[in-house]
Amino acid sequence: MADEQDGSPAGPLDRALAILMVIAEQKKALSSAEIAAALALPLPTAHRLIGNLERRGLIQKALGTKRYVVGSRLVTLSAKTIGAAFRTVRRQAVLSAVADRIGEQCEIGVVRDHAVVYVDSVRSKEQQGLQFNPSDSAPLHCTSTGKIYMSRLPAKIRNRLVRSLALVRYTPTTIVDPDELLAGLEDVRRRGWAKTNEEFVRGVVGCAVPIVSPAGDLIACLGVSVPVARVGFARLDTFIGPLQEAAALLSETILQDNEDL
């Protein structure tokens, strides 16, 4: 897919996709010149393609700058794509198995537009209780998935994001102090998973583990949310092992070709 003379991606579609990949893989916003240099594209060509992508909402300028980050339409598309990827026979079997093993509903959550969006869920055969349906959303600061997402951000970006969020108090135990939240996120980063203690819904506790790509990038999170009357906050620790095993199985299959469709 590369031009033999200049080493750049060959066709307009190839070049547009290459630009999306470059921007998506970076942890900082990129200028047009940086994008062009990364792909060995002539600057006028890069400007034209970047303009087309920006008009379609697939990339956008970082606030107050002329540098580019992924756009809202691309983020929405990626969340829908992840949801569709999990709705295969093999991956549904993994979700059903872990839900039955721990006796609770399991949910797949992703982050979109600074909120947690649930893209799939499977109920245990044994328990009926709190349920997050696909397309339901929740805040970052008081959900296990949101905490995992924020904990994996570079420290400066994490700090800036936490201090920009509206830390709404949903329950008496919701963490609304930025410094306290940042300290908790550092703990999540170290151990690799997260718990919440009645922070979003009173009487409901939860935990989640990351689902990562083979390269270690966060794809989604696998978690549970249960009534504290049935499962105490301390007992959530017993769910982590089974969730991590299921997440590892999902990680092995999520980027494979549609092997079970």
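In this text the structure is predicted, and so the values were computed from the model without any measurement. Positions are given from 1 along the sequence.
Between Asp177 and Arg169, none of the side-chain N atoms (NZ, or NE/NH1/NH2) sits under 4.0 Å from a carboxylate O, so this pair counts as no salt bridge.
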Report the C-alpha distance between Cys207 and Val224 in whole Å, list the side-chain angles of each, state the deciding distance to 0.1 Å, and finish with yes or no for side chain to side chain contact (heavy atoms under 4.5 Å, CB included). CA-CA 6 Å; Cys207 61; Val224 297; 3.6 Å; yes

Between Ile175 and Leu167, is the side chain to side chain contact (heavy atoms under 4.5 Å, CB included) condition met? List the steps. CA-CA 8 Å; Ile175 299 172; Leu167 301 180; over 6 Å; no

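Put simply, SG on Cys106 and CG on Asp100 are 9.0 Å apart, with the number rounded to the nearest 0.5 Å. To the nearest 0.5 Å, atoms OG (Ser72) and CD (Gln60) are separated by 5.5 Å. Taking CG of Asp237 as the start and NZ of Lys195 as the end, the distance is 3.5 Å to the nearest 0.5 Å. Met150 CE to Leu181 CG: the interatomic distance, rounded to the nearest 0.5 Å, is 5.0 Å. Atom CD1 of Ile50 and atom CD1 of Ile35 lie 4.0 Å apart (nearest 0.5 Å). Separation of atoms CD (Glu54) and CD1 (Ile19) is listed at 11.5 Å; rounding is to 0.5 Å.
Contact of the Gln26 side chain with the Glu34 side chain is not registered, since no non-hydrogen atoms from C-beta on lie closer than 4.5 Å.
Closest approach of Gly216 and Arg152 over heavy atoms only: O-NH2, 2.6 Å. Between Ala246 and Val94 the shortest heavy-atom distance is O-CG1, 3.8 Å. Closest non-hydrogen pair, Ala247 versus Leu222, comes out as N-CD2, 4.0 Å.
Looking at Thr174, its side chain does come within 3.5 Å of a backbone N or O of Glu199 through a donor-acceptor pair.
Applying the 6.0 Å contact sphere to CZ of Arg202 captures no more than 12 heavy atoms from other residues, nucleotides or ligands.
There is a path of hydrophobic side-chain contacts, each under 4.5 Å, that joins Val201 to Val168. Linking Ile, Leu, Val, Met, Phe, Trp and Tyr residues whenever their side-chain heavy atoms come within less than 4.5 Å places Ile211 and Leu249 in a single cluster. One hydrophobic cluster, built from ILVMFWY side chains closer than 4.5 Å, holds both Ile157 and Leu140.
With no hydrogens or angles considered, a side-chain donor-acceptor pair links Thr173 and Thr171 at under 3.5 Å.
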